[in-house]
Visitor: 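Before anything else, here's the structure in question.
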Amino acid sequence: MKDLIKILCVCLICGFIYANENENSNSTSNNMDNKVDSNESSNLEIYNLQNIDENIINVAKMEPPKVEFITNRFYYSVGLGAGWSGFEPNTNRNAGLIPLTMSFGWAFMFNDWIGLRPYVSFDIRAGGDLRDMFNLENLANGSKISAGGAANGAINLDLLINFYNTEDYYFRIGGVLGLGWAGVLGFGIDASIADGVDSKIDLSTYGSLRINTGLKMVWEQKHALELLVRIPVYNSKNTINILDLVNKNTYREGIGFIVAYSITL
């Protein structure tokens, strides 16, 4: 009996020792598993952070998309201005308005800086001698009046030169220099209202070679504001003189200043 009790005690002690060893082994295994899981999670976080950093760097390095430069387009413009006209040889005698100027054509840009613009234009103008109009004594006596008007249609070719371009082509400033040949119909009256002795009425048609020059400001590659000067440099002979009361004298257009808005399609 005593031997049986001893054997049972030994078995209990061995079972307790074995249980403790298993518990320790499981605890060690769990700790190692936890460490592995922790290391994997940490590595994953580091990897994600690296990816995020790389994405941030890549986004920072990304440049905005390149804006396409418009090389050629159909355009038209409308504007108004002022200018001189008058009977030869005092062509710049009358000052007046250019209430309407229109043009349409193509603008070809060879690169960011240089281009050509062939187009047709149409202008009308009307005015009179300001010295007569603002001379109260003259108006009271009705001694003299000088006035007239003209309309022209022209074929033009301008050189376009850009002085400044933004990188995205949103805004640029340039110059215009070209030539135009215009057919002109002009009407003038130079009369002494009091007695009609020196009255002249003239209807003239002629050709005029002129220089077109000025500045141009463009935004969004579509809209432009132009400040133009049209300078006649050669006039052909008058082709008709329908109404001549006293003298044959051709009525000519002089220098014109124009402000025009244009848009490309």
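Here the structure is a predicted model, which means the values were calculated and not measured. All heavy atoms count here, side chains included; hydrogens, waters and symmetry mates do not.
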Visitor: Is there side-chain contact between Tyr75 and Ile263, with at least one heavy-atom pair below 4.5 Å?
Guide: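 The answer is no; the side chains never approach within 4.5 Å.
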Visitor: In the structure I gave you, are the side-chain heavy atoms of Phe163 and Trp113 within less than 4.5 Å of one another anywhere?
Guide: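 They are not in side-chain contact.
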Visitor: Walk me through whether Ser208 and Tyr234 qualify under side chain to side chain donor-acceptor pair (under 3.5 Å).
Guide: CA-CA 6 Å; Ser208 177; Tyr234 170 77; over 6 Å; no
Visitor: Counting C-beta onward and ignoring hydrogens, is there a side-chain heavy-atom pair between Leu227 and Phe257 closer than 4.5 Å?
Guide: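 No, side chains not in contact.
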Visitor: Is there a path from Leu100 to Leu185 through hydrophobic residues (I, L, V, M, F, W, Y) whose side chains come within less than 4.5 Å of each other?
Guide: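 They do not share one cluster, since no chain of ILVMFWY contacts under 4.5 Å joins Leu100 to Leu185.
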Visitor: Would you name the heavy atoms of Ile98 and Ala82 that are closest together and state the gap between them?
Guide: CD1-O, 3.6 Å
Visitor: Does Ile155 CD1 have over 12 foreign heavy atoms under 6.0 Å away?
Guide: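 Open: at most 12 neighbouring heavy atoms sit under 6.0 Å from CD1 of Ile155.
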Visitor: Mind checking whether Met217 and Leu225 have side chains closer than 4.5 Å, heavy atoms only?
Guide: yes
Visitor: If we ignore hydrogens and angles and just use 3.5 Å, is the side chain of Asn165 paired with the main-chain N or O of Asp112 as donor and acceptor?
Guide: yes
Visitor: Where do Arg210 and Ala182 come nearest, in terms of heavy atoms and distance?
Guide: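 Closest approach of Arg210 to Ala182, heavy atoms only: NH1-CB, 4.0 Å.
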Visitor: Are side-chain N/O atoms of Asp123 and Thr101 paired as donor and acceptor at under 3.5 Å?
Guide: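 There is such a pair (donor and acceptor under 3.5 Å, judged by atom type) between the side chains of Asp123 and Thr101.
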Visitor: Between His223 and Val218, does a side-chain contact (heavy atoms from CB on, under 4.5 Å) hold up when you go through it step by step?
Guide: CA-CA 6 Å; His223 309 279; Val218 182; over 6 Å; no
Visitor: Same cluster for Val78 and Leu80 if Ile/Leu/Val/Met/Phe/Trp/Tyr side chains link at under 4.5 Å?
Guide: no
Visitor: To the nearest 0.5 angstrom, please state how far the CG atom of Asn111 sits from the CG atom of Asn162.
Guide: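 It comes to 8.5 Å.
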Visitor: Passes side-chain contact (heavy atoms from CB on, under 4.5 Å), Val233 versus Leu179? Steps please.
Guide: CA-CA 10 Å; Val233 293; Leu179 292 174; 5.6 Å; no
Visitor: I want to check something: taking the side chain as every heavy atom from C-beta on, are Pro99 and Ile124 in contact at a cut-off of under 4.5 Å?
Guide: yes
Visitor: Over 60° means perpendicular and under 30° means parallel, so classify the ring planes of Phe74 and Tyr76, tilted if in between.
Guide: tilted
Visitor: So, for Gly115 and Leu159, which heavy atoms are closest and what is the spacing to 0.1 Å?
Guide: O-CD1, 3.4 Å
Visitor: Flag this pair as yes if the NZ/CZ of Arg252 is under 6.0 angstrom from the six-membered ring centre of Phe87 and inside a 45 degree cone about the axis; otherwise no.
Guide: no
Visitor: About how many Å separate CG of Leu160 and CZ of Phe110, when rounded to the nearest 0.5 Å?
Guide: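 Reported to 0.5 Å precision, the distance equals 9.0 Å.
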Visitor: Within the structure provided, determine whether Asn212 and Tyr119 are in side-chain contact (heavy-atom separation under 4.5 Å).
Guide: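 Yes, side chains in contact.
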Visitor: So, the side chain of Ser77 versus the backbone of Ser262: is there a donor-acceptor pair under 3.5 Å, distance only?
Guide: no
Visitor: If you apply the rule side-chain contact (heavy atoms from CB on, under 4.5 Å), what do you find for Tyr251 with Asn94, and how did you get there?
Guide: CA-CA 10 Å; Tyr251 189 81; Asn94 294 334; 3.6 Å; yes
Visitor: Is Tyr164 reachable from Trp219 through a run of I, L, V, M, F, W or Y residues, each pair having side-chain heavy atoms under 4.5 Å apart?
Guide: yes
Visitor: If I take atom CD from residue Glu226 and atom CG from residue Asp158, how far apart are they, to the nearest 0.5 angstrom?
Guide: 8.0 Å
Visitor: Check whether any side-chain heavy atom of Val229 sits under 4.5 Å from a side-chain heavy atom of Ile255, and report yes or no.
Guide: yes
Visitor: I'd like to know whether Glu253 forms a side-chain contact (heavy atoms from CB on, under 4.5 Å) with Asn152, so could you lay out the CA-CA distance, the side-chain angles of the two residues, the decisive distance to 0.1 Å, and finally the verdict.
Guide: CA-CA 9 Å; Glu253 286 186 338; Asn152 71 63; 3.0 Å; yes
Visitor: Counting C-beta onward and ignoring hydrogens, is there a side-chain heavy-atom pair between Trp181 and Leu209 closer than 4.5 Å?
Guide: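 Of all side-chain heavy-atom pairs linking Leu209 with Trp181, at least one is under 4.5 Å.
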Visitor: Is the backbone N or O of Val176 less than 3.5 Å from a side-chain atom of Thr213, with the two atoms forming a donor-acceptor pair by type?
Guide: yes
